[in-house]
Amino acid sequence: MSAVIIARHARTPAERFKDAAWVAFIALLLGIPMVGLTTVDEGGALAVHTRFGMLGAFVGASFVGRFIFRWIMDQVRSRRAAKPAVVKVDRTPQAIKVIGWAVLGASIALPIVFSENRYVIDTATTVLIYVMLGWGLNVVVGLAGLLDLGYVAFYAVGAYTYALLFSHFGWTFWEALPVAGAMAATFGILLGYPILRLRGDYLAIVTLGFGEIIRVILVNWTELSNGPNGIGSIPRPTLFGLPFDRNPAEGTQSFATFFGLDFSGMHRIIFLYYLILVLALLTNVFVSRLRKLPVGRAWEALREDEIACKAMGMNVTNVKLSAFAIGAMLGGFAGVFFAARQGFISPESFTFTESATILAIVVLGGMGSQLGVVLAALVLVLLPELGRNFSEYRMLMFGAAMVLIMVWKPGGLLASREPTIRLNKAVTAGGEA
Amino acid sequence: MSSATLLSVENLTMRFGGLTAIDDLSVSVPAGKITAIIGPNGAGKTTFFNCLTGFYKPTTGSVRLVHPKKGEMRLETLTGHRVARDAQVVRTFQNIRLFPKMTVLENLIVAQHNFLQEASRFSIAGIFRLPGYRKAEAEALKTAAHWLDRLGLTGIADVAAGDLPYGTQRRIEIARALCVDPVLLCLDEPAAGLNPRESAELNTLLLSLCREEGIAILLIEHDMSVVMNVSDHICVLNYGRKIAEGTPEEIRNDPQVIKAYLGEDDEETASGGIAA
Amino acid sequence: MAYALQQLINGLTLGAVYGLIAIGYTMVYGIIGMINFAHGDIFMVSAFIAVTAFTLLAAFDITSLPLAITAVLITAIFFTSAYGWAVERMAYRPLRGSTRLAPLISAIGMSIFLQNMVQLTQGARVKPIPPVLEGGIELWRTADFTVQVSWTQIMIVLVTIVLMVAFTWLITQTAFGRQQRACEQDSTMTALLGINVDRTISATFMLGAALAAVAGVMVTVYYGVVDFFIGFVAGIKAFTAAVLGGIGSLPGAMLGGLIIGLIEAFWAAYLSPEYKDVATFAILILVLMFRPSGLLGRPEVEKV
Ligand SMILES: Nc1ncnc2c1ncn2[C@@H]1O[C@H](COP(=O)(O)OP(=O)(O)OP(=O)(O)O)[C@@H](O)[C@H]1O
Ligand SMILES: [Mg+2]
């Protein structure tokens with residue numbers, strides 16, 4: 001065991017070898033039952049297959065990987081020790097601002113450039129849904145420091161609220177949007193109220209359970225949700241009452257006829273893209289503003305030190321509840337959009353994997369960072385698109401990345417923080433991004 | 001300057017399972033003065049603060065505060081944040097508790113949360129930056145700037161609090177507590193970890209807070225150069241009991257106190273077990 | 001009446017399994033004050049190891065039941081403990097003294113990783129094994145219902161009892177147990193006394209994993225099928241059991257497990273099988289609302 005302990009003195013090759021051998025041994029132990037052996041269904045009964053080649057490769061890779069990793073880390077450390085520490089001016093905030101505007105510009109221009117490419121715009125829409133969800137969850141996890149493992153439940157509440165309001169009362173997207181947000185927030189408060197007084201870990205497990213329960217209810221309560229079959233033919237949103245239909249009903253206009261355009265299926269796709277872009281940007285502005293208000297500062301203070309907050313006379317339960325409710329509401333909005341875009345929803349879209357993906361976006365993006373969420377959402381959505389292999393290993397990589405990032409940089413990758421207020425106002429003349 | 005009683009603690013007892021951390025303690029804290037609580041490690045000083053400020057619920061006993069504006073309040077019935085918010089009894093912590101990633105100024109603004117939150121009208125006035133909220137924010141900024149200046153923190157107002165040296169963090173914590181507008185300021189070992197120069201500055205600060213702003217101070221401190229120089233009144237605890245009380249002069253010569261600090265002949269047995 | 005008795009038997013069996021898993025949660029919580037979200041998946045890993053081991057034994061024609069079950073138990077305990085150790089070493093130890101949130105996220109990351117690792121290496125499909133232990137004792141026969149205890153159920157309860165006795169002895173009577181309890185109370189002080197806190201924590205994880213491994217083998221024998229998702233639900237239930245019993249309390253975990261097992265069995269039998277998970281969850285919330293310290297736990301005073 002001692003071989004793994006980080007030594008302060010320069011490591012000799014023999015020590016590095018021993019360390020890597022130890023890691024390889026552990027890899028062998030862990031690998032035998034999972035990599036080396038597997039059971040395969042052969043004519044109705046299981047048979048054990050061996051994969052010793054793969055096991056060998058796994059152990060070998062662990063050995064070599066560890067050896068090289070250690071070696072590089074030692075190099076880095078000795079070089080760092082040799083160099084005197086220089087006080088660096090942190091340029092990250094400016095850089096983030098520049099990249100932020102560039103990304104915004106690119107996302108506005110995207111449908112113009114790819115106006116005929118449905119696949120690109122569809123994928124970009126998916127990215128934006130995750131960005132919006134990420135920004136919503138960021139309020140809870142990144143700002144307030146509360147771990148919500150069932151965020152997808154609020155997404156589901158939003159989606160189903162719209163679907164049900166439509167199928168029972170014929171509500172349109174725009175009518176259902178605020179109600180669904182309020183509904184999700186209410187669920188957030190009902191769930192959060194009893195739990196938020198307690199330690200943070202309880203919230204994590206309760207939200208984990210809640211996410212699962214909502215799914216179980218949606219599957220089983222068929223009178224309400226139509227069970228696993230889901231709810232279909234949910235109407236697409238309109239542009240100020242103009243639908244994107246090929247043949248508008250008698251006496252009404254559609255988007256194409258109103259603007260005198262030839263009908264094209266792309267109009268709706270592009271409209272949906274811009275719609276989610278606007279929703280996401282509104283979310284961003286809303287959250288950025290909140291961050292600079294007493295509630296927002298209270299969220300961050302809470303993440304930093306709950307006891308100190310109490311000593312300042314802050315009602316921590318209310319502060320937590322507000323973060324939880326606002327996060328839930330934003331998730332609900334995203335859910336309404338999701339339902340409207342798909343036209344069909346079923347419990348299958350709201351599994352734990354979905355919650356885990358959103359959480360991974362927030363964590364990888366650097367908790368609290370708005371731009372980080374965008375970049376992480378891009379990576380996480382595009383990666384599986386690259387190929388079947390990537391999509392198979394997607395969740396495996398998310399899991400591993402979450403552990404690695406916490407171990408390496410618990411603040412997240414892009415964790416530079418912009419103060420919400422300055423004494424010396426001149427510095428922030430730039431406004432908010 | 002009146003020496004009316006601001007806070008009177010009567011028969012306070014706090015038990016943790018079998019351990020009696022505070023044992024039938026009665027103390028009174030005069031308004032506008034500095035009262036020190038001293039005693040050996042583990043005497044129950046911090047526990048006493050925790051009972052006053054709503055962090056622990058005392059097993060028995062009462063804590064009465066005569067608030068200059070709101071009249072009499074029973075602190076032991078107020079839970080959690082209420083003590084700071086309603087009774088304006090504000091504390092600092094022995095092991096500094098700042099909001100490390102937030103700037104010094106933000107720390108001081110967070111301390112004015114209740115005032116600002118009310119002005120932001122459920123954040124609606126805040127989101128749209130209505131004049132009422134803007135005025136409140138300017139006011140909060142002024143309060144913060146005032147205390148930053150008083151504690152010599154103006155130059156580092158926009159630096160993350162966690163990146164600053166220990167002594168500075170202690171001052172930030174006091175500044176932050178002052179932003180809550182306390183009627184009673186409870187300081188838990190504010191001089192711990194300070195160098196002699198810093199602790200001399202602390203003396204001046206405490207005296208001026210008390211004499212000029214009229215804030216009553218309750219002070220836990222091991223550093224006798226601070227305690228003896230600033231306190232009007234000292235209360236000595238040992239094993240959760242009050243063993244002496246009086247002016248610095250009286251305490252200095254009290255045989256009980258000397259015994260508690262220097263130990264008796266049977267030192268081993270005395271420090272080995274906690275008196276029931 | 002007969003039907004209820006049968007549910008009682010089923011519930012106790014299930015409860016014993018939950019209790020075994022719950023002990024892992026409670027011990028880890030006691031010693032490092034965090035929820036080990038990956039614990040449910042450790043249990044799942046052990047069930048897969050059990051499936052592989054049973055299949056191997058069948059391939060080698062080892063038919064002696066006690067021998068087979070003992071061999072599988074030992075194998076599962078051995079490899080699962082290695083997993084328990086590795087999880088702690090990789091995902092939690094580097095984060096000691098970090099922020100409150102970091103280890104929780106690391107833990108959930110580990111849980112996701114293990115689940116997908118098993119899915120990728122062992123396949124996403126349900127793995128059935130042939131019945132290991134068949135038959136049972138007929139306790140009571142009425143006109144329309146027969147109350148039965150299967151040999152498997154008897155084995156599960158017996159193994160659990162034996163383990164509990166051994167485990168209580170380990171924690172209360174041995175040097176390791178003393179160190180473990182010392183670390184729970186005050187790890188800094190324990191370190192100052194020259195006790196290797198890291199090693200004690202590692203051992204706690206391994207012990208928790210070993211108990212989960214026993215649970216994994218039992219579940220495999222009992223139900224005859226496993227899949228990569230069983231850790232998730234079993235994890236939440238066992239955690240609920242730990243909270244219900246009072247997190248940090250070892251007898252509490254067992255008691256909580258039994259209660260959850262019984263509630264689940266009766267709920268499924270009399271109310272609605274689809275909503276049995278909802279019932280567990282509702283209990284979790286109710287306990288947290290009205291008695292967060294659980295049945296046997298001590299109320300937690302946050303040290304300031
Ligand atoms: N939450 C708690 N649970 C159990 N025991 C506690 C708790 N808080 C304090 N104690 C015990 O109460 C006693 C008094 O502790 P306290 O922290 O009040 O001492 P103190 O006088 O502040 O000491 P120091 O000068 O070292 O700060 C100690 O024995 C301590 O272990
Ligand atoms: Mg103290």
Side-chain angles (χ1 to χ4, degrees), chain A residues 1 4 26 29-30 32-35 37-41 45-48 141 145-147 149 191 194-195 197-202 204-206 208-210 212-213 216-217 219-220 303 307 352-353 356 359-360 363 367 392-396 398-407 410-411, chain C residues 34-35 37 45 48-49 51-52 55-56 59 79 82-83 86 89-91 94-95 98-106 108-118 120-123 125 127-130 199 232-233 236 239-240 243 274-275 277-278 280-281 284-285 288-289 292 300 302 304:
Chain A
M1 223 180 281
V4 195
I26 298 294
L29 268 191
L30 302 182
I32 289 173
M34 286 296 141
V35 184
L37 301 171
T38 187
T39 46
V40 177
D41 196 352
L46 287 183
V48 174
V141 179
L146 304 166
L147 188 53
L149 296 178
L191 180 72
I195 307 306
R197 289 173 299 130
L198 305 166
R199 301 177 35 114
D201 338 23
Y202 286 143
I205 198 108
V206 167
L208 181 72
F210 180 64
E212 192 58 16
I213 291 319
V216 169
I217 291 177
V219 169
N220 291 305
R303 175 192 69 199
I307 288 173
F352 173 66
T353 309
L359 182 66
V363 172
M367 287 175 284
E392 253 184 14
Y393 289 95
R394 189 174 77 128
M395 288 315 284
L396 188 79
F398 289 2
M402 279 162 88
V403 175
L404 287 178
I405 285 180
M406 284 304 109
V407 169
Chain C
M34 69 163 284
I35 301 175
F37 282 112
V45 164
F48 271 85
I49 295 174
V51 167
T52 309
T55 317
L56 263 183
F79 285 110
Y83 270 89
R89 182 65 190 82
M90 291 191 286
L95 287 172
S98 172
T99 57
R100 203 163 36 86
L101 199 56
L104 287 179
I105 291 180
S106 181
I108 197 76
M110 198 33 119
S111 159
I112 295 170
F113 178 83
L114 286 175
Q115 227 178 74
N116 287 277
M117 186 267 295
V118 170
L120 281 169
T121 59
Q122 303 292 311
R125 271 202 260 141
K127 304 258 168 188
I129 61 162
R199 192 170 301 171
F232 183 80
V233 176
I236 293 188
F239 177 79
T240 306
V243 171
E274 314 89 65
Y275 289 115
D277 296 351
V278 180
T280 321
F281 180 72
L284 176 62
I285 293 201
L288 288 177
M289 269 171 85
E300 201 172 334
E302 195 168 21
V304 179

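Scope of the values below: all heavy atoms of this structure, side chains included, with no hydrogens, waters or symmetry mates. Numbers restart at 1 for each chain; the letters A, B, ... are given by sequence-line order, proteins then strands.
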Chemist: Check side-chain hydrogen bond (donor to acceptor under 3.5 Å, both in side chains) between C/Asp277 and all other residues, then give those that pass, not counting sequence neighbours.
Modeler: C/Lys237
Chemist: Rounded to the nearest 0.5 Å, what's the gap from CG on A/Leu396 to CE on C/Met117? Could you check?
Modeler: 8.0 Å
Chemist: Chain C heavy atoms under 4.5 Å from A/Arg394: which part of the residue, side chain, backbone, both or neither?
Modeler: neither
Chemist: Does a side-chain heavy-atom distance below 4.5 Å link C/Leu56 with A/Leu37?
Modeler: yes
Chemist: Can you tell which of C/Pro292, C/Pro128, C/Ala59 has the highest number of heavy-atom pairs within less than 4.5 Å of chain A?
Modeler: C/Pro128
Chemist: Please round to the nearest 0.5 Å and tell me the distance separating atom CD1 of C/Ile236 and atom CD1 of A/Ile213.
Modeler: 7.0 Å
Chemist: May I ask you to test the C/Ile285-A/Phe210 pair for a side-chain heavy-atom distance under 4.5 Å?
Modeler: no
Chemist: Which heavy-atom pair separates C/Ile108 from A/Met402 by the least distance, and what is that distance?
Modeler: CG2-CE, 3.6 Å
Chemist: What residues, two or more places apart in sequence or in another chain, satisfy ring-ring contact (aromatic ring centres under 6.0 Å, His included) together with C/Phe79?
Modeler: none
Chemist: Counting heavy-atom pairs under 4.5 Å to chain A, which of C/Lys127, C/Arg125, C/Gln122, C/Arg100 comes out on top?
Modeler: C/Gln122
Chemist: Which atoms of A/Ala45 come close to chain C, meaning under 4.5 Å heavy atom to heavy atom: side chain ones, backbone ones, both, or neither?
Modeler: neither
Chemist: Which atom pair, heavy atoms only, marks the closest approach of C/Phe113 to A/Ala400?
Modeler: CD1-CB, 3.8 Å
Chemist: Just so I understand: if I count every heavy-atom pair under 4.5 Å between each of A/Ala356, A/Ala401, A/Ala360, A/Gly145 and chain C, which residue has the most?
Modeler: A/Gly145
Chemist: Measure the CD1-CD1 distance between A/Ile405 and C/Ile105 for me, rounded to the nearest 0.5 Å.
Modeler: 10.0 Å
Chemist: Just how far is it from atom CD1 of A/Ile26 to atom CE of C/Met90, taken to the nearest 0.5 Å?
Modeler: 9.0 Å
Chemist: Heavy-atom distances under 4.5 Å only: say whether C/Leu104 touches chain A with side chain, backbone, both or neither.
Modeler: both
Chemist: With the side chain counted from C-beta on, respond yes when A/Leu29 and C/Tyr83 share a heavy-atom pair under 4.5 Å apart, and no when they do not.
Modeler: no
Chemist: Given 3.5 Å as the limit, does a donor-acceptor pair link the side chain of A/Thr38 with the main chain of C/Thr121, or not?
Modeler: yes
Chemist: With a 4.5 angstrom heavy-atom cut-off, which part of A/Leu208 approaches chain C: side chain, backbone, both or neither?
Modeler: both
Chemist: Go through the atoms of A/Val141 and report whether side chain, backbone, both or neither lie under 4.5 Å from a heavy atom of chain C.
Modeler: both
Chemist: Flag yes if more than 12 heavy atoms outside C/Phe232 fall under 6.0 Å of its CZ atom; otherwise flag no.
Modeler: yes
Chemist: Non-hydrogen atoms of chain A under 4.5 Å away: do they reach the side chain of C/Thr52, the backbone, both or neither?
Modeler: both
Chemist: Counting heavy-atom pairs under 4.5 Å to chain C, which of A/Leu404, A/Thr353, A/Val206, A/Val216 comes out on top?
Modeler: A/Val206
Chemist: Hey, what do you get for CG (C/Leu101) to CE (A/Met406), rounding to the nearest 0.5 Å?
Modeler: 7.0 Å
Chemist: Between C/Ile49 and A/Met34, is any pair of side-chain heavy atoms under 4.5 Å apart?
Modeler: yes
Chemist: If every non-hydrogen atom of A/Val403 is compared with every non-hydrogen atom of C/Met110, which pair is closest and at what distance?
Modeler: CG2-N, 3.5 Å
Chemist: Against chain C, work out which of A/Leu359, A/Ile205, A/Leu147 has the most heavy-atom pairs shorter than 4.5 Å and name it.
Modeler: A/Ile205
Chemist: Given A/Tyr202 and C/Val243, is the side-chain contact (heavy atoms from CB on, under 4.5 Å) satisfied, shown in steps?
Modeler: CA-CA 9 Å; A/Tyr202 286 143; C/Val243 171; 3.8 Å; yes
Chemist: Is there a donor-acceptor pair closer than 3.5 Å between any side-chain N or O of A/Glu212 and the backbone N or O of C/Val278?
Modeler: no
Chemist: Considering all heavy atoms of both residues, which atom of C/Pro94 and which atom of A/Val407 are nearest to each other, and what is their separation?
Modeler: CB-CG1, 3.7 Å
Chemist: What part of C/Leu120 is in contact with chain A, defined as an atom under 4.5 angstrom from a non-hydrogen atom: side chain, backbone, both or neither?
Modeler: side chain
Chemist: If you look at every heavy atom in A/Met395 and C/Ile112, which pair is closest and at what distance?
Modeler: O-CG2, 3.5 Å
Chemist: Are C/Phe37 and A/Leu149 side-chain neighbours, meaning at least one heavy-atom pair lies under 4.5 Å?
Modeler: yes
